[in-house]
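From a predicted model like this one, the values you see are computed outputs, not experimental measurements. Chain identifiers are assigned alphabetically (A, B, ...) following the order of the sequence lines, protein sequences preceding nucleic acid strands; residue numbering begins at 1 within each chain.
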Amino acid sequence: MIRTPALDLFPVLPELILAGAGILALLYQALAPRPKVEGHLALALAGLAAAAGASIALWDRTGDPTVLAGAIQADKFAVVARLVILAVAAVGLLYGAHYYDRSGDEARGEFYPLVLFATMGMTLITAAADLIVTFLALEILSLSLYVLTGLSRRGQATEASMKYFLLGAFSSAFFLYGVAMAYGATGTTRIPAVAHALAGQTGSQALALTAFGFLAIGFGFKVSAVPFHMWTPDVYQGAPTPVTAFMAAATKVAAFGALIRVLDVSFHPLAWSWEPVIWVVAALSVIVGSVLAIAQSDVKRMLAYSSVAHAGFILTGLTSSNQDGIRAALFYLIAYAVMTLGSFGVVMLVSARGEEQTSLASYAGLGRRQPLLAGLMALFLLSLAGIPPTAGFIAKVGVFGAAIRAGHWPLVLIGVLSSVVAAFFYLRVIVLMYMQEPAGEQLEDRAVLPRAALAIPAALTLVLGVFPQIVLGVLDKASVLRW
Amino acid sequence: MSAAGLSAPPDSFALVWLVPALPLAGAAINLFVGKRLGRWAGWLASALLAGSFVISLAILSHLLGLTADSRLFVQHLFDWVTVGSFRAAADLRIDPLSVTMILVVTGVGTLIHVYAIGYMDGDPRYGRFFAYLNLFAFFMLVLVLAENYLLLYVGWEGVGLCSYLLIGFWFERKSAADAAKKAFITTRVGDTAMMVGLALIVVHVGTLDFSSVLGSDAGLTKGAATAISLLLFAGAIGKSAQVPLHVWLPDAMEGPTPVSALIHAATMVTAGVYLVVRSHALFELSGTALTVVLVIGLVTAIYAATAALAQDDIKRVLAYSTVSQLGYMFVAAGMRAYAAAMFMLVAHAFYKALLFLGAGSVIHGMHDEQDMKEMGGLRRRMPLTATVMIVGALSLAGVIPLAGYFAKDTILEIASTSGRTLVYVLGTAGALLSAAYIGRLIFLTFFGEERSEHARAAHESPAIMTTPLLVLAAGAAVGGVLATGVEGKLPTFLEPVVGVFAEGGAGLAKGALVAIALVVTATGLLVTWFLYGSGRVDWLAVRVRVAPLHRFLQRAWYVDDAYAAVVGTPAKAAAAFTAYVVDARVVDGAVNGVGILVRRLANAGRRVQTGFVRNYALAFLLGAVAILLYVGVRF
Amino acid sequence: MSWITVTTFLPLVGVPVLLLGVRMRDDVARAIGLVVTLAVFIVSLGMLGRFDGSQAGFQLVEQATWVRSLGMQYLVGLDGVGLWMVLLTTFLFPLSVLASWKLEHNVRLFIAAMLVLETGVIGSFVALDLLLFFLFFEAILFPMYLIIGGWGGDRRVYAAVKFFLFTMAGSALLLVAILFLYFRSGSGGLTPTFDVRDLTAVAHALPATTARWLFLAFFVAFAVKVPIFPLHTWLPDAHTEAPTAGSVLLAGVLLKVGAFGLIRFNLALFPEASKYFATFVSVLAVIGIVYGAVVALIQTDLKRLVAYSSVSHLGFVVLGVFAFTTQGFTGGVLQMVNHGLSTGALFLLVGMVYERTHTRRLDEMGGLASVTPWLAGAFLFTAFASAGLPGLNNFVGEFLVVLGSFAANRWFGSIAAVAVVLAAIYLLWSYQRMAYGEVREEHRGLPDLSLREVAILAPILSLLLVFGVYPKLVTDRVELTTDTVLTAVSPDHPVESGPDPGTVAAGVAP
Amino acid sequence: MPLDNVVFWVFAPIAIASGIAMLVQRNAVHAALLLIVNFFCIAVFYLLLGAPFLFAVQIIVYAGAIMVLFLFVIMLLGVDRGDSLKERLVGQRPAAIALGIAFAFEVFFAVRAGVGFAAKAPAGFDAVNAGGNTRALAKVLFRDYFFPFEVTSVLLIIAAIAAMVLAQRKARAITQAEALAAAAASEGADPA
Amino acid sequence: MRTPIAYFLVVSGMLFAIGTVGVLVRRNALLIFMSIELQLNAVNLTLIAFSRMHNSLNGQVLAFFSMVVAAAEVVVGLAIIVSVYRRTASVNVDEARGLSG
């Protein structure tokens with residue numbers, strides 16, 4: 001008989017709830033005579049809410065930080081990351097419900113379970129304490145996203161889906177190779193155990209470093225860091241906008257969550273060796289993302305490049321391998337999630353029925369035509385550009401501060417100068433909205449509900465900008481990785 | 001303002017602040033409600049200035065009642081600039097020099113105000129004119145009453161402002177607007193040097209108060225004194241239209257004639273002389289500076305006199321004459337004969353104001369014709385004007401016993417007795433030229449045949465204009481009583497300020513000097529009579545025959561043209577180069593260049609994003625290999 | 001009462017009302033703007049009353065924890081320089097609102113942008129926490145950008161973007177330096193801080209080379225804003241394209257943030273480096289003075305001309321400040337106020353001219369002195385003030401700067417003085433082309449100043465005169481700040497404060 | 001030369017060669033077959049390395065199910081005519097090959113530094129595999145890795161959804177590919 | 001076993017490299033995908049080799065998980081490729097260039 005260890009499933013309750021909700025959604029779609037959008041939405045949101053509740057309940061959990069035979073890390077970091085992802089998913093679902101309702105695609109019932117499963121993968125990855133769990137979670141979220149990306153009638157979506165899949169699978173192989181190398185180096189894939197082995201010099205340095213390299217490549221792909229970013233613009237542009245919003249915001253949080261664990265736990269003993277890699281990748285991301293965004297004429301594509309740049313900023317924070325860096329990165333991720341959701345939400349509302357109006361030109365005169373949308377968009381763009389008093393400003397100060405504290409001021413210099421370049425293309429949209437006349441007739445989506453949903457990111461953008469301590473106070477605790 | 005004044009002893013000195021304040025009030029009133037006052041604006045302005053004159057007289061009498069040594073009073077109005085150790089207050093100074101000046105300014109000024117009531121009658125901006133005139137008087141009085149250089153500078157620039165406003169009073173005419181601008185800017189060149197001079201004073205002495213700077217314990221070195229003096233003198237050159245900054249004054253004749261009389265003859269232009277006299281301690285300490293003053297004055301005196309010879313515009317003759325006469329004052333100052341300079345200043349104020357106002361009367365009568373070629377024989381049409389102008393002319397030419405004679409004769413005498421033979425000779429030559437150009441003016445204007453319709457239709461001016469003329473003529477005639485030679489009344493009065501002139505002994509005998517002066521004057525007048533008054537010479541034909549020379553003189557030795565070529569054109573080109581090449585192309589070009597560069601980079605980067613998924617994978621692998629290479633190096 | 005906090009954030013009171021009042025009439029929006037800005041002005045006057053000129057250091061300080069995790073505090077306070085900058089700001093804003101009365105489209109948004117801008121600017125002047133300062137400093141950008149780009153001239157977008165990016169690029173380095181200092185202050189087990197007062201000691205203890213690099217980082221940020229040659233090229237475009245209120249505030253207030261930053265941060269934090277770079281900075285300032293004036297000489301666009309004159313005038317400020325003499329410094333500060341008033345007034349007047357003639361090109365104007373004598377008169381008055389005519393405000397400042405810099409370096413002072421001539425040339429030249437000569441046919445019958453315009457001009461022109469005649473209003477309150485800053489720069493600097501009583505006594509001198 | 005060495009040196013070249021041959025093979029079906037060969041070689045290595053269970057899984061699942069699915073799709077889509085090997089992207093191929101070689105070398109050096117070519121496998125693996133590899137594996141799997149094991153189920157559900165969603169036709173008729181994909185999904189779950 | 005573990009690792013690395021090159025040089029989406037499968041198999045070999053080296057079965061378990069993942073991935077991947085083929089009647093990835101720049 002195989003003796004199974006004591007089951008403490010409490011720490012993975014959120015994932016279990018999500019998986020359950022996903023299966024229920026699937027069943028609803030399959031068994032209900034006429035599955036309704038409202039039904040799906042209610043079910044999915046309830047699942048998210050329950051998962052969130054379960055996560056919050058984990059906040060004060062004491063006891064062994066590593067549970068389930070070393071597979072899961074039950075710390076505050078995971079709680080915060082989960083909550084962010086769940087919130088993003090909720091907004092993403094709201095967007096999606098509206099989007100598929102509007103586009104007249106036969107009710108995409110699969111959207112809801114897929115988002116729930118993807119969310120589960122994302123929350124799981126941030127809590128993973130074993131590299132193989134990380135890998136599995138990574139695959140869960142990736143496979144869901146490949147499908148979600150193709151979840152549209154448009155040819156672009158299919159193309160994006162294929163590109164995403166091929167490159168994603170390619171990068172998965174690298175990631176897995178990294179896991180293998182880590183195993184080879186230390187004889188284990190438990191994230192804390194790897195660290196212990198490396199700190200105790202019992203592992204092989206060479207293999208460990210190689211493992212780090214491969215894992216960094218895999219994560220680099222997921223977080224869209226240069227030069228592993230090239231799928232990003234195509235996929236962001238091709239995917240249905242709600243999926244883009246969800247993917248852009250949540251994947252980044254999830255992937256960075258896992259990356260932070262890997263870097264700051266597993267490979268913490270090798271920090272001196274990996275910091276330069278992150279440094280260079282951060283610099284490249286910031287520069288390439290900012291510069292290439294300038295030449296774009298499609299808003300989604302532009303935001304995709306901007307997301308590359310933001311990945312670079314977060315990495316900038318991570319060059320400091322301590323609590324400062326983690327806290328800064330977490331805050332940045334929260335801020336980024338908020339503003340990305342917000343901006344893609346506006347993009348969705350502007351883009352009319354399908355995705356006809358995602359070109360920059362369709363933003364001309366938006367300030368006149370739809371002052372509310374334009375105002376919100378301006379707010380999100382300013383936040384993305386890092387102008388106070390928005391969340392983006394505090395976020396940038398945080399990551400730059402962390403990097404400077406670690407002595408990486410040249411990187412920060414690159415970062416701030418790239419922000420200036422980046423400001424240019426954010427401003428360009430604002431120029432279009434407020435300083436130019438509308439060009440021709442535009443289709444307009446006047447739905448109220450998604451607009452109301454936008455109030456959440458808008459409010460958060462300001463609140464995080466003016467009273468960041470609310471969140472930072474929480475992050476002070478969450479940025480301590482217990483292992 | 002008045003608080004400080006009231007705390008002073010209850011005599012007329014305490015009222016000194018009213019001297020500038022009255023015209024200031026007039027300016028304010030006329031500026032804001034002048035239109036409503038109508039003709040009363042002029043009367044109000046004149047009355048207020050007359051009030052100042054009365055107070056000035058009271059102050060004079062009070063001053064005369066004091067012993068020579070105690071003739072100094074400083075009224076503190078308020079602290080103006082106090083920064084660190086540097087302090088400059090709004091203090092007014094009463095001493096013989098400033099009292100002399102305020103008497104001239106308020107006295108002659110009042111007369112000119114009254115004259116202007118008639119002259120400006122019917123002008124649409126009548127009220128504003130008097131506002132400006134009053135404002136001018138205010139600044140001029142501040143200038144001469146100031147107890148420190150900074151306050152003096154306020155007046156100095158203020159009169160420049162008013163000069164600008166008044167020259168450009170008829171701004172619809174482009175020439176007037178141009179002249180106004182030219183006047184302000186040209187004088188500002190000198191003013192700037194003066195400002196640097198003030199800075200230098202502060203650096204060396206720490207204060208700008210006359211009592212400290214000019215006192216014996218200022219502790220200036222000879223070099224510093226030279227630098228300061230020359231910088232101050234540069235200001236004087238600008239304001240008093242000396243070579244090489246004289247070019248603005250002839251053009252300034254675009255202003256209404258009372259303005260020319262008040263500002264460009266009697267008062268403002270003499271501020272330079274006042275400055276030199278006031279600062280004589282510095283100049284004397286330097287020595288070199290005095291020589292410069294002397295040379296500049298001498299050159300100007302002769303140069304301007306030659307130019308005056310060839311002008312056709314009656315006011316331009318007088319303008320060049322003023323420049324020349326101011327040169328004489330600087331010559332005097334340069335010879336340390338400050339009292340002589342001051343006397344010439346006073347006398348000149350009378351006869352030149354008289355000449356200008358007379359010319360104004362002529363112009364008025366000629367329906368705004370200023371060209372002497374169009375005049376002639378006006379003595380019949382406007383006898384009173386002719387009479388007083390001839391008095392003024394004779395005074396200027398230096399005919400005994402008119403005021404002008406004493407003024408000029410004193411200076412030449414000093415030149416001779418102090419052994420400055422060259423100065424004496426050139427000064428005498430200048431006197432000859434003076435007699436000639438003023439004679440030419442008189443003969444062309446008042447004698448001979450009427451040469452135009454206007455001349456034939458000319459008429460005498462109203463009493464409001466002629467009355468001041470008469471007063472001034474009296475002054476020009478008998479002003480000599482103030483000063484006969486170095487021991488006259490005015491020199492004695494000024495002695496506490498400027499000291500006694502104590503050089504001499506050498507040179508020609510008094511009788512010889514008088515004789516030479518008479519001969520010279522007579523020659524000048526006679527020659528011009530022969531040429532222009534006798535009717536025997538076709539002067540227009542002569543002019544054609546000596547055209548190049550005439551042109552040379554008429555254009556005042558082409559100085560203006562030279563300036564335009566040497567300063568104006570290159571400066572404009574340099575400015576254009578800076579703006580359109582340096583600023584737009586280089587500096588801004590660099591800025592936009594960065595923008596373009598980033599954009600190009602972006603477009604190049606876009607091309608990398610080909611859409612080929614295999615390219616993406618290649619980039620991916622490139623990154624992967626690079627990272628692995630790095631970690632490979634690390635182990 | 002928390003004077004500073006109230007003054008700083010009072011403007012924001014109007015913003016939600018304006019943004020949410022979708023159906024609001026334009027008049028109501030304007031009225032809200034005017035009432036709020038006037039209220040701010042009145043409150044700020046209270047601040048003037050509470051300020052004690054005889055007390056060194058920062059006053060009316062308010063402190064509160066804010067973003068504990070980042071070490072950022074809400075820390076505000078005033079010294080003499082800040083006080084006048086705040087007053088200048090609160091004074092100019094109501095005038096700018098009034099000047100924008102004729103603005104037509106999207107008035108609500110415009111007024112809201114103005115109010116946000118006001119908070120940003122005041123905040124920059126009062127912040128004593130470096131990061132808080134940076135926050136305000138950056139927060140200024142967007143509203144100003146909107147004002148230029150939304151309501152400006154033909155090339156408004158170019159100008160607005162240029163303004164934004166230029167300033168942001170400058171401040172990029174600033175942020176790096178600020179963070180660097182912050183962490184430096186935490187070395188040795190201390191709690192790191194952004195508190196300027198505490199950082200002063202930290203910064204003074206830095207190695208010379210480090211301090212110099214930091215100085216440069218700060219300097220670039222502020223030099224862009226001032227602007228110091230050759231970082232000025234955003235200014236003419238921004239000024240020219242901005243609507244009247246934008247130009248007024250840009251010239252009157254925003255540029256001062258740069259100069260203020262130099263004083264508050266560069267000099268105070270890095271005295272040694274300031275001294276080290278003094279000649280370099282002064283040379284740039286002198287170049288700016290002459291350069292701005294020379295370029296202004298041949299501008300045909302009235303606004304552009306005034307813009308370049310700003311470059312020249314701000315050069316005076318920098319020159320004075322970096323002379324490290326009491327006179328120069330005080331003159332510089334005085335010039336900050338003066339320039340704000342006189343150039344602000346010039347832009348107001350240019351706006352009024354433009355409203356009538358619909359052109360800014362000098363060659364399309366002429367004869368305005370005949371049709372609109374009061375407008376022309378006001379313009380001339382201001383032009384003379386700007387040209388440094390004694391008795392009006394600029395003179396004293398300029399003279400003190402010349403004096404102060406002259407004491408430090410004869411050449412700088414002298415060259416700066418030369419620019420005074422150039423100022424007279426371009427101002428008079430432009431006035432002549434605008435106001436003198438024959439009236440153009442299409443300009444006959446233009447109305448002279450309206451009551452609203454008189455209400456705008458009367459206060460500001462009066463101040464031009466008041467500060468010219470009685471500059472002590474400003475200088476007395478700046479005196480101790482001057483001493484503090486200069487003592488830091490050169491410890492051997494003689495503390496010169498106050499006239500010794502007695503020497504001023506009126507009466508007959510010996 | 002011991003047997004395992006012989007086996008290694010026989011199958012290693014075949015594995016490499018079949019891999020390379022796959023790259024240059026124009027016909028997709030042939031390429032798939034070459035891949036099966038390759039997988040078989042790898043399976044043999046598993047046996048050598050003491051993983052008989054995985055040897056079986058490799059052959060059944062990989063070579064059997066997965067590659068058959070590939071072949072099926074190739075034929076279904078009719079893309080077995082063979083495609084041109086001409087490269088249109090400039091520099092793509094040389095760069096790819098160069099980087100590939102560089103990559104292989106990097107791994108080589110990492111292995112040399114991290115493991116060393118002298119190091120033989122430690123003794124005592126039989127003890128690890130005590131009670132049979134499958135049983136030992138199960139012990140580890142269900143004790144240490146039971147949670148990840150459960151997690152894989154989600155993966156499979158997603159695979160099923162993917163098959164349904166992406167391959168569905170408008171009429172929502174279940175196509176062969178869909179059926180196959182679904183079948184493969186359940187097969188993937190089988191070994192568990 | 002006498003064969004050094006490193007040999008297996010090197011073979012694995014070479015196979016991975018071959019798979020990588022395959023992704024880069026093949027244009028048929030199916031072949032690219034097959035190359036990726038080759039990469040995954042190479043990794044599995046590495047895992048099992050390390051498992052032998054460490055005398056632990058963890059590596060084998062990891063390889064097992066990897067196979068499950070590979071299976072799921074194949075389903076999704078083939079479904080995507082089929083849907084692309086449906087739309088464009090081609091599995092040539094070079095023809096998928098609707099998104100670029």
Side-chain angles (χ1 to χ4, degrees), chain B residues 4 7-8 70 72-76 78-87 89 91 125 128 150 153-158 161 164-165 168 171-172 174 176-178 180-181 184-185 188-189 191-193 195-196 198-200 202-203 211 571-572 574-576 578-579 583 587-588 590-591 595, chain C residues 162 165-166 229-230 232-234 291 294-295 297-299 325-327 330-331 367 369-370 373 384 389-391 395-396 399-400 402-403 406-407 413-414 417-418 420-421 424-425 428-429 432 435-439 469-472 475-476 479 482 494 496-499 504-509:
Chain B
S7 66
S70 55
L72 172 64
F73 171 77
V74 174
Q75 184 178 45
H76 177 68
F78 58 95
D79 281 339
W80 181 30
V81 182
T82 309
V83 174
S85 59
F86 173 72
R87 289 179 33 249
D91 289 354
R125 290 188 290 269
R128 184 159 288 201
L150 205 62
Y153 195 74
V154 173
W156 190 267
E157 289 281 300
L161 163 73
Y164 170 82
L165 292 171
F171 52 76
E172 291 88 348
K174 188 175 180 312
D178 282 340
K181 188 180 63 173
F184 191 83
I185 291 167
R188 198 121 215 248
V189 173
D191 297 353
T192 303
M195 191 185 193
V196 176
L198 301 197
L200 202 53
V202 178
V203 169
S211 39
K572 241 182 205 158
T578 315
D583 201 57
V587 183
D588 207 25
V591 172
Chain C
K162 196 173 183 180
L165 293 184
F166 227 114
F229 173 92
H232 64 278
T233 62
W234 62 272
Y291 184 91
V294 167
V295 177
L297 282 179
I298 59 152
Q299 298 301 324
T325 56
T326 309
Q327 287 81 22
T330 313
S370 319
F384 271 113
L389 192 82
F395 169 71
V396 181
F399 179 73
L400 286 174
V402 169
L403 198 59
F406 196 81
S414 307
V418 169
V420 176
V421 182
I425 297 179
L428 292 187
W429 179 81
Q432 180 185 349
Y436 284 175
E438 291 290 327
V439 191
V469 175
Y470 203 66
K472 277 165 69 73
T475 54
D476 278 1
E479 202 165 280
T482 311
E496 309 183 55
S497 47
V504 196
V508 180

Could you report the tightest heavy-atom contact between [X] and [Y], atom names first, then the distance?
X      : Y      : answer
C:Y470 : B:D79  : CE1-O, 3.3 Å
C:S414 : B:V196 : OG-CG1, 3.9 Å
B:A579 : C:V295 : CB-CG1, 3.6 Å
B:K174 : C:Q432 : O-NE2, 4.2 Å
B:V81  : C:P471 : CG2-CG, 4.1 Å

Between [X] and chain B, with a heavy-atom cut-off of 4.5 Å, which part of the residue counts as in contact: side chain, backbone, both or neither?
X      : result
C:L297 : side chain
C:V396 : side chain
C:S370 : both
C:W234 : neither
C:L400 : side chain

Which of [options] touches chain B most, by non-hydrogen pairs under 4.5 Å:
options                        : value
C:P230, C:G367, C:G391, C:A369 : C:A369
C:A435, C:A417, C:G413         : C:A417
C:L165, C:V420, C:V418         : C:V420

Q | Approximate separation, where rounding is to 0.5 Å, of B:K181 NZ and C:Y436 OH | A | 11.5 Å
Q) Going from CG on C:D476 to OG1 on B:T82, what distance comes out if it is rounded to the nearest 0.5 angstrom? A) 7.0 Å
Q.
As a quick check of understanding, evaluate ring-ring contact (aromatic ring centres under 6.0 Å, His included) for B:Y153 and C:F399, giving each step before the final call.
A. CA-CA 11 Å; B:Y153 195 74; C:F399 179 73; 7.3 Å; no
(Q) Just so I understand: if I count every heavy-atom pair under 4.5 Å between each of B:I185, B:L161, B:T578 and chain C, which residue has the most? (A) B:I185
Q) When heavy-atom pairs shorter than 4.5 Å are enumerated against chain C, which of B:L200, B:V202, B:L165, B:V203 gives the highest number? A) B:L200
Q: Can you tell which part of B:V591 gets under 4.5 Å to a heavy atom of chain C, answering side chain, backbone, both or neither?
A: side chain
Q. Which answer fits B:D178, side chain, backbone, both or neither, if we ask what part of it has an atom under 4.5 Å from a heavy atom of chain C?
A. both
Side-chain heavy atoms of [X] within contact of [Y], under 4.5 Å:
X      : Y      : result
C:L428 : B:R188 : no
B:R128 : C:P373 : yes
B:D583 : C:Y291 : yes
B:V587 : C:F229 : yes
B:M195 : C:F406 : no

Q: Could you tell me whether B:Y164 and C:F384 have their ring centroids closer than 6.0 angstrom?
A: yes
Q.
Could you check whether any side-chain N or O of C:Q327 sits under 3.5 Å from a backbone N or O of B:V83, counting only pairs where one atom can act as donor and the other as acceptor?
A. yes
Q: Would you confirm whether B:W80, through its side chain, and C:V469, through its main-chain N or O, come within 3.5 Å as a donor-acceptor pair?
A: yes
